[in-house]
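Here the structure comes first, spelled out in structure tokens, and everything after it is commentary.
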Amino acid sequence: MSFSHFNLSSAIQHKIKLKNFTKPTPIQEKVIPLVLDKKDVMAKAQTGSGKSASFILPLVQMIAHAQYEGKAKIRALVLTPTRELTQQVAEDFEYFAPNRVKVVSVIGGEQLGAQMLAIQKGCDIVVATSGRLLEIIRKGQINLTQVQYFVLDEADKMLGLGFEEELKALLKDMPSVRQNLLFSATYPKKVVELSAKITSNYIEVSIESEEATVQNIHQRVIEVHKDNRGPLLRYLIEKEAYEQVLVFMSGKRAADNIAMKFRKYGFKAEAFHGDLCQDERNFTLKTYKEKKIKVLFATDIAARGSSSVICSRISSELKS
Ligand code: AMP
């Protein structure tokens, strides 16, 4: 199947081509037509599956082609679990949407005033982390009464402390009739309960795991004793001449420690986790994208962003 199969405008198709997306991923094949058909969707999709574009492309299509009077009002609200994912999704919306469609990202750790101003000037799409969005709602500085599309990305990562309460407050502010799109890599009971609060009538979509990621991501498993992981990684970096590597870690301290160790071995290595302030997080990611860091040890706050980065061997596939 090709992207021309969907009813997307020629402007969007042109941008898809410029991105070198040659054909839709399996999740895109299933989700894009459903979204365009105004269905609620619950999709089991992982980072790397192309899930973001599966909602971004049809939403841009529908928002860009609707006729709206007067100042822009928020038509789409997208919630994501991390600041980095929010920024990335907002950038993708901006890339695919025409200039007149205004996109604002709302995240903690950056100036509240500037975000509120951007919202008040009028915008069509808000991409947000829930905590900061709620702060703005409580100040009465955002109007969600015109929201037609509500997206919850990586729902299973949102189940942390207090999210249910935040969601309740959000749902109160949005119209009850809207299109809902939920994405989650896993379906624990809590996600199912959460989805029931958002929509009662959704179509479930999932794909076989072997076709779960976009084609230019290669995955490989190496079994290794815990103590040998560092030496193995150093060996692989040298032997396979990896240009850049992103390593996911379970804890912040472990990320700090191993980055320090790699620096001792002469690598340009850094840690990336939630204890860094937002400026440091932005700076680290920017430096990584500029290829000034060779090995980045990250906890899952980075569990996307430059997603081709994610799974593995990063090299020329690294997307800016
Ligand atoms: P995601 O699963 O949304 O995090 O996307 C994973 C990566 O795949 C991102 O870098 C996307 O830009 C890229 N991508 C999305 N759709 C396609 C496609 N149809 N073909 C190739 N790459 C894609």
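Numbers here simply count residues along the sequence, with the first being 1. Indexing begins at 1, ligand by ligand and atom by atom, following the structure's order. The structure presented is a predicted model; accordingly, all values stated were derived computationally and were not measured.
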Could you list the atoms of ligand 1 found under 4.0 angstrom from a heavy atom of G50? 1 (P), 2 (O), 3 (O), 5 (O), 15 (C)
Sidechain N-carboxylate O distance under 4.0 Å for E135, R132: yes
Ring-plane angle category for F96 and F21, please: parallel below 30°, perpendicular beyond 60°, tilted otherwise. tilted
How does F3 reach ligand 1, if at all, at less than 4.0 Å between non-hydrogen atoms: by side chain, backbone, both, or neither? side chain
Give a yes-or-no answer on whether the side chains of D156 and T186 include a donor-acceptor pair shorter than 3.5 Å. yes
Under 4.0 Å from any heavy atom of K23, which atoms of ligand 1 are there? 18 (C), 19 (N), 20 (N)
For side chain to side chain contact (heavy atoms under 4.5 Å, CB included), just list the numbers for V60 and F55, CA-CA rounded to whole Å, side-chain angles, deciding distance to a tenth of an Å, and then say yes or no. CA-CA 8 Å; V60 166; F55 64 82; over 6 Å; no
Can you find an N or O of Q28 that's nearer than 3.5 Å to an N or O of ligand 1? yes
Within the 3.5 Å criterion, strictly below it, is a donor on N180 or D40 matched to an acceptor on the partner's side chain? yes
What atoms of ligand 1 come within less than 4.0 Å of a heavy atom belonging to Q46? 2 (O)
If you count the atoms of ligand 1 from 1 in the order shown, which ones are under 4.0 Å from a heavy atom of S49? 2 (O)
Would T22 count as being in polar contact with ligand 1, using the rule that some N or O on each side must be under 3.5 angstrom apart? no
Please check if F283 and Y288 belong to a single hydrophobic cluster, counting links between Ile, Leu, Val, Met, Phe, Trp and Tyr side chain heavy atoms closer than 4.5 Å. no
